[in-house]
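One structure is given here, and the rest of the page talks about it.
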Amino acid sequence: MSIEVRNISKTFGTFKALDDVSLTVGTGELVALLGPSGSGKTTLLRIIAGLEQPDPGGGPILFHQEGVSERHVSQRGVGFVFQHYALFRHLSVFENVAFGLRVKRRAERPSRAVIRARVHQLLQLVQLDQLAHRYPHQLSGGQRQRVALARALAVEPRVLLLDEPFGALDAKVRKELRAWLRRLHDELHMTSVFVTHDQDEALEVADRVVVTHEGRIEQTGTPDEVFHHPATEFVMNFLGDVNTFHARVQAGRVQFNSLELPFPDNRQQIVGQARVFVRPFDVTIDTKTNGLPALEARVVRVHSAGPLVRLELRTGEDQRLVAEISQERFRTMNLEAGSRVYVRPRHIRVFAG
């Protein structure tokens, strides 16, 4: 079941939440809407669901090339999972999952036996069958979110929409549940869209990532594409840590601080003022220049807890830098606060401005 929205806008008073947005989600895809607060991602999800109406004059909303713009949310065949679960506190886990089936019109309502079998099947799928008789207050946050997902799946929706499904959970549980969601999607292959502001979550779980900013889509692509080949300066800055330099481009060379490097991408036509971006893992750190062009810097702080060592550096021009090196490399270099080092970017991205 594919999803397509064309030229959708949404205004709240004087605030433009969405500005002429178009998006296509392929059948069986798991797509993340990723962006900062106020970027329009939740508004877009709610418009797809039918919980919000777009401004007049926009294009259609299509499910598998069938227009659903005029349909009520209850007629779109959407399963929706909210950030704060929205479970019925007075109902057991079993009854929460069964609710959507029990309230169907009599002509469409399954028999009690079918409902019972369907609910137990779903609770087994989300690994909660043994907790069917408990109530929401007796569950952990992660368990409640899995109940909410089972309830959304119970009505056999055509598409599954999730609004920051793990936002209310602590970091460890969030990490466990996003891996579980990816495995679940690989089993069900249901067309799914989820909203998140957590870049690690989007890059780890999604087939494609849609980066939103100020009501527009900045870039759409696979996790690898949006992270390693950002289309705009915003995407470069938003996804992961980055070092920024003011630069000048001329004659195919990039000049910044005391460095001059070849322009990294001949497809771009940039001349004059520019900004250079370097990921912390894309720099080489040495205690000697080795005859190569490098930035001289001092170590300000060392963060050695974790798989990589994070070095906070400052150059003679008072430029702050962050570099990441392996634990093995760190041990051989014997670095500490105050150590002099030489920094060479291995890979840069350049944007005009």
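All values derive from a computational prediction rather than experimental measurement.
When atom types are taken as modelled, the side chain of Gln327 and the backbone of Gly306 share a donor-acceptor pair closer than 3.5 angstrom. Judged purely by atom type and a 3.5 angstrom limit, Gln319 uses its side chain to pair as donor or acceptor with the backbone of Thr244. Between the side chain of Arg134 and the main chain of Leu139, no donor-acceptor pair closer than 3.5 Å is present. With hydrogens and angles disregarded, no donor-acceptor distance shorter than 3.5 Å links the side chain of Ser304 to the backbone of Val309. With Arg6 contributing its side chain and Pro60 its backbone, the two residues share no donor-acceptor pair below 3.5 Å. Using modelled atom types, no side-chain atom of Lys41 and backbone atom of Val195 make a donor-acceptor pair closer than 3.5 Å. Here the side chain of Gln199 pairs a donor or acceptor atom with the backbone of Gly240 at under 3.5 angstrom. Checked by atom type and distance alone, the side chain of Ser69 never pairs as donor or acceptor with a backbone atom of Gly67 at under 3.5 Å. Between the side chain of Gln219 and the main chain of His229, a donor-acceptor pair closer than 3.5 Å is present.
Between Pro136 and Leu91, the shortest heavy-atom contact is CD-O, 3.2 Å. Closest heavy-atom contact between Ile217 and Ser22: CD1-O, 3.4 Å. The shortest non-hydrogen separation linking Tyr342 to Ala294 is CB-CB, 3.9 Å. Taking every heavy atom of both residues into account, Val276 and Ala247 meet most closely at CG2-CB, 3.5 Å.
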Exercise. Apply side-chain contact (heavy atoms from CB on, under 4.5 Å) to the pair Arg275 and Met236, showing each step before the final yes or no.
Key: CA-CA 11 Å; Arg275 285 156 67 84; Met236 183 82 205; over 6 Å; no

Quiz prompt | CA sep, side-chain torsions, deciding dist, call: Arg310, Val322, side-chain contact (heavy atoms from CB on, under 4.5 Å) | solution = CA-CA 7 Å; Arg310 183 180 176 89; Val322 176; 3.4 Å; yes

Quiz prompt | Trace of the salt bridge (charged side-chain N to carboxylate O under 4.0 Å, His left out) decision for Glu95 with Arg102 | solution = CA-CA 9 Å; Glu95 291 300 332; Arg102 294 201 193 284; 2.9 Å; yes

Self-check item: Intermediate values then yes/no, side-chain hydrogen bond (donor to acceptor under 3.5 Å, both in side chains), Asp55 and Ser9
Solution: CA-CA 6 Å; Asp55 292 346; Ser9 295; 5.4 Å; no

Exercise. Could you go through the side-chain contact (heavy atoms from CB on, under 4.5 Å) check for Val299 and Leu313 one step at a time?
Key: CA-CA 5 Å; Val299 177; Leu313 312 171; 3.7 Å; yes

Practice problem: Show your working on side-chain contact (heavy atoms from CB on, under 4.5 Å) between Phe12 and Glu52 and close with a plain yes or no. | Solution: CA-CA 11 Å; Phe12 295 99; Glu52 298 279 359; 4.1 Å; yes

Quiz prompt | Working for salt bridge (charged side-chain N to carboxylate O under 4.0 Å, His left out), residues Arg182 and Asp207 | solution = CA-CA 10 Å; Arg182 180 68 244 189; Asp207 297 318; 2.9 Å; yes

Quiz item: Going through the checks in order, is the side-chain hydrogen bond (donor to acceptor under 3.5 Å, both in side chains) test met by Arg118 and Gln121?
Solution: CA-CA 5 Å; Arg118 175 69 175 158; Gln121 179 189 34; 3.3 Å; yes

Exercise. List the steps and the verdict of salt bridge (charged side-chain N to carboxylate O under 4.0 Å, His left out) for Glu176 and Lys172.
Key: CA-CA 6 Å; Glu176 292 172 353; Lys172 188 176 188 309; 2.8 Å; yes

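In this structure, Val254 and Pro264 have side chains that are in contact, with non-hydrogen atoms separated by less than 4.5 Å. You'll find the side chain of Val271 stays beyond 4.5 Å of the side chain of Val249, heavy atoms only. Using a 4.5 Å heavy-atom cutoff, the side chains of Thr232 and Val211 are not in contact. Taking the side chain as every heavy atom from C-beta outward, Leu203 and Val226 approach each other to under 4.5 Å. At a threshold of 4.5 Å between non-hydrogen side-chain atoms, the residues Leu45 and Phe80 count as touching. In this structure the side chain of Arg253 reaches within 4.5 angstrom of the side chain of Pro262, judged on heavy atoms. Put simply, the side chain of Val147 reaches to within 4.5 Å of the side chain of Val97, judged on heavy atoms. The side-chain heavy atoms of Leu177 and Arg146, taken from C-beta on, include a pair separated by under 4.5 Å.
Geometrically, Arg151 does not engage Tyr85 in a cation-pi contact defined by less than 6.0 Å to the ring centre and at most 45° from the axis.
Applying the ring-ring contact (aromatic ring centres under 6.0 Å, His included) test to every pair with at least one member in residues 189-226, sequence neighbours left out, gives these pairs: His213-Phe234. Every pair passing ring-ring contact (aromatic ring centres under 6.0 Å, His included) that includes a residue from residues 119-152 is listed here, sequence neighbours excluded: Phe94-His120. Within the structure, the ring-ring contact (aromatic ring centres under 6.0 Å, His included) test picks out no pair touching residues 19-77 (sequence neighbours left out).
Other residues, nucleotides and ligands contribute more than 12 heavy atoms inside 6.0 Å of the CG atom of Asp224. Within 6.0 Å of CD in Glu328 there are 12 or fewer heavy atoms belonging to other residues, nucleotides or ligands. Surrounding NE2 of His246 are at most 12 heavy atoms belonging to other residues, nucleotides or ligands under 6.0 Å away. The number of heavy-atom neighbours closer than 6.0 Å to CD of Glu108, taken from other residues, nucleotides and ligands shown, is above 12. The 12-atom threshold is not exceeded at CZ of Arg301, counting heavy atoms of other residues, nucleotides or ligands nearer than 6.0 Å. Counting heavy-atom neighbours within 6.0 Å of Gln130 CD, excluding the residue itself, gives a total above 12. Annotation: Lys16, atom NZ; neighbour count of heavy atoms from other residues, nucleotides and ligands within 6.0 Å is above 12.
Listed by chain and number, the residues in a side chain to side chain contact (heavy atoms under 4.5 Å, CB included) with Glu317 are Asn257, Thr315 (sequence neighbours excluded). Evaluation of the side chain to side chain donor-acceptor pair (under 3.5 Å) rule for Glu312 yields His303 as partners, not counting sequence neighbours.
Annotation: the span from Ile115 atom CD1 to Arg109 atom CZ amounts to 7.5 Å, rounded to 0.5 Å. Between the CG atom of Leu161 and the CG atom of Leu33 there is a distance of 9.0 Å, given to the nearest 0.5 Å.
Each of Phe351, Phe277, Phe256 was compared with Phe245 under the ring-ring contact (aromatic ring centres under 6.0 Å, His included) criterion, and only Phe256 meets it.
Transitive grouping of hydrophobic side chains (ILVMFWY, heavy atoms separated by less than 4.5 Å) keeps Leu62 and Met1 in distinct clusters. Criterion: ILVMFWY side-chain heavy atoms under 4.5 Å apart, direct or through other members. Under it, Val210 and Val235 are not part of a common hydrophobic cluster. Clustering ILVMFWY residues whenever any of their side-chain heavy atoms sit less than 4.5 angstrom apart, transitively, puts Val209 in a cluster other than the one holding Leu160.
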Considering only distance and modelled atom types, tabulate donor-acceptor pairs under 3.5 Å from the side chains of residues 280-288, sequence neighbours left out.
unit_1 : atom_1 : unit_2 : atom_2 : d
Thr284 : OG1    : Arg346 : NH1    : 3.1
Asp286 : OD1    : Arg329 : NH2    : 2.6
Asp286 : OD2    : Arg344 : NH1    : 2.9

